[in-house]
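This report refers to the structure that appears directly beneath it.
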Number of protein chains: 2
Amino acid sequence: MSRTDYPVYLQLRDRLWEWIEAEQLSSQQRLPSERELSERFGTTRVTVRQALSQLEAEGLIFRSNRRGWYITPERLRYDPSRDLGFNRYVTEQGFCPRTETLFKQLTEVPQWLSEISGLEAGTPVYHVFRRRYVNERGLLVEHNYINPAHCPGLLSESTNLSIWQLLRDKYDLRPEHRDIEIYPLALKGLEAESLHVNQGTAGLYIQRLSFDQHGDFLELDREYWLHDALKISVRIGDRH
Amino acid sequence: MSRTDYPVYLQLRDRLWEWIEAEQLSSQQRLPSERELSERFGTTRVTVRQALSQLEAEGLIFRSNRRGWYITPERLRYDPSRDLGFNRYVTEQGFCPRTETLFKQLTEVPQWLSEISGLEAGTPVYHVFRRRYVNERGLLVEHNYINPAHCPGLLSESTNLSIWQLLRDKYDLRPEHRDIEIYPLALKGLEAESLHVNQGTAGLYIQRLSFDQHGDFLELDREYWLHDALKISVRIGDRH
DNA sequence: ACTCCAATCTGGTATATACCAGATTATCGA
DNA sequence: TCGATAATCTGGTATATACCAGATTGGAGT
């Protein structure tokens, strides 16, 4: 194995990670600055950044805009097929959840939503935009589009907890069936800004389109996660 | 909106994409070389590469090692909860599938597999490593670990088609329940090499652990996908 | 103690330049 | 016509350097 011709930045990646493990840096702790690392490991800042980006791609470290590099916490397990509610399953895993409502408004159904929901374009729809934290790290932002037909006055409720729970307990609405879509993408524009990450940061998109027991469109949920923040875990066909 | 202070490489990203759309470049077509683009758009190759990487992160273009940049084809829709078989659902979407078996062997259950499968470490297990193409672009590699208990002689069958189909039709084995895990990661080592992509390329990991109708470990499937290759699409709770 | 502001620290962006290594293409010779 | 090989084209790696912009820190003045 002639691994001697391994590129410098990959060797550096390995040395960096060894160093991190030796130093026992743990979740959310800050790494030394790029300039310091480049001195310590005898190379340029550019190369250090390549190595750091590699570790970032692997989900081992993450960056906080112009503040530094940090050790990535363990991934959150998440089952999008169940309607447990964010706070609930975060707590169950021993972490501390937090939700901020960035805005909520009554708006009109745009064309694209009309096509997948069956609602008439231009009719009213609730739109909620929220940011979710685990242990004070913002992991995702999500857009909720909710059919106001069966839940008038929803927006005057607090939206910092589970919307599903609200819909179920107060309006007796429950998702009867759901279409889920998941794919990797780059975080851009509003989503990147709201999560304080750079344009183009790797993310995971999760969309849930749900219909209620009447067969009517209930809610569309579009979640933008940091790529290193979660591990989707689903169990199928288990009767217990 | 003072978007004038937008970084050059993001402006370039936009101009590049506009240019691509104007030129009507389509799926799998090659872009001009980086040097040519840097001249044409009046900037350095480094900045061009930043812009290209941005488009790559968004899944709009992809690179083929030292050959150039290409337009990314449409994502493949994929439902990991169903056992349709790769060739089947690729064909259904009007694409052309191909599977290569890179190796297959009878080996011993490693520790980590023992822990999740319930098999004794050191007992025999089939291991198949395959690469899958759609329209001659390699989209994923996958490791299959199969319990030989109920399907002796499996390896002498062709593994270029659906293993599930083989298990079902020839050995009467069907997955009774399944644990699925999905998360973004960086493609490294063997997986990156086999897909001819650079170390650290963004990918999506899908793991399926399935148990047969006897409750025995049937198969473990570990798939490494290119990040821009698929869109997971699942329908839940629909009785039709 | 507190507030405000300047200095400083951080990563982010940008240019210029060089050489390397794999992939492709052109060319020459049999 | 074919095959080996050399030239060339591609992206990949690496160094050096500069300045920008947001975040943090520290100190002066109240």
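Within every chain, numbering begins at 1; the chains are lettered A, B, ... in the order of the sequence lines, protein sequences first and strands thereafter.
- Residue A:T43 places at least one side-chain N or O under 4.0 Å from the OP1 or OP2 atom of D:dT15.
- Partners of A:E108 by side-chain hydrogen bond (donor to acceptor under 3.5 Å, both in side chains), not counting sequence neighbours: none found.
- The OH-C1' distance, from B:Y70 to C:dT24, rounds to 10 Å in whole Å.
- Atom C1' of nucleotide D:dT13 and atom CG of A:L10 are separated by 10 Å, given to the nearest angstrom.
- Contacts between residues 47-65 of chain A and DNA chain C, defined by a heavy-atom separation below 4.0 Å, involve A:R49, A:R63, listed by number.
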Atom pairs and distances, donor-acceptor, side-chain atoms in residues 124-132 of chain A, under 3.5 Å, two or more places apart:
from   : atom 1 : to     : atom 2 : distance (Å)
A:Y126 : OH     : A:G153 : N      : 3.0
A:H127 : NE2    : A:H143 : ND1    : 2.9
A:R130 : NH1    : A:T159 : O      : 2.7
A:R130 : NH1    : A:L161 : O      : 2.9
A:R130 : NH2    : A:E142 : OE2    : 3.0
A:R130 : NH2    : A:N144 : OD1    : 3.3
A:R131 : NE     : A:E100 : OE1    : 3.3
A:R131 : NE     : A:Y133 : OH     : 3.0
A:R131 : NH1    : A:S194 : O      : 2.5
A:R131 : NH2    : A:E100 : OE1    : 2.6
A:R132 : NE     : A:E142 : OE2    : 3.1
A:R132 : NH1    : A:T99  : OG1    : 3.0
A:R132 : NH2    : A:E142 : OE2    : 2.8

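- With sequence neighbours left out, the salt bridge (charged side-chain N to carboxylate O under 4.0 Å, His left out) criterion links B:E56 to B:R63.
- Listed by first and then second residue, the salt bridge (charged side-chain N to carboxylate O under 4.0 Å, His left out) pairs that reach into residues 9-24 of chain A are A:R13-A:E58, sequence neighbours excluded.
- Distance, B:H196 NE2 to C:dT24 P: 11 Å, rounded to whole Å.
- At whole-Å resolution of the value, OH in A:Y9 and C1' in D:dT15 are 16 Å apart.
- Between the B:N135 side chain and the B:C96 main chain, a donor and an acceptor come within less than 3.5 Å of each other.
- Rounded to whole Å, the distance from CG on B:N198 to C1' on C:dG22 is 12 Å.
- For the OP1/OP2 pair of D:dG11 and a distance below 4.0 Å, the side-chain nitrogens and oxygens of B:R67 include no atom meeting the criterion.
- One atom, CH2 of A:W69, and another, P of C:dG12, lie 6 Å apart when rounded to the nearest Å.
- Between B:L60 and B:I20, the closest side-chain pair of non-hydrogen atoms is not below 4.5 Å.
- For the pair B:E39 and B:R35, the salt-bridge criterion is not met [side-chain N within less than 4.0 Å of a carboxylate O].
- Base contact: B:V46 has a heavy atom under 4.0 Å from a base atom.
- Electrostatic pairing of B:R208 and B:E223 counts as a salt bridge here, judged by a charged N lying under 4.0 Å from a carboxylate O.
- Non-hydrogen atoms lying under 4.0 Å from DNA chain C are contributed by A:R30, A:S33, A:E34, A:R35, all within residues 28-41 of chain A.
- Each of B:R66 and A:G42 lies near DNA chain D, and the nucleotide nearest B:R66 is the one positioned closer to the 5' end.
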>> Apply side chain to side chain donor-acceptor pair (under 3.5 Å) to residues B:Y205 and B:E191 and explain how you reach the verdict.
In response: CA-CA 11 Å; B:Y205 176 71; B:E191 288 74 29; over 6 Å; no
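- Rounded to a whole Å, the CG atom of A:L12 is 13 Å from the C1' atom of D:dT13.
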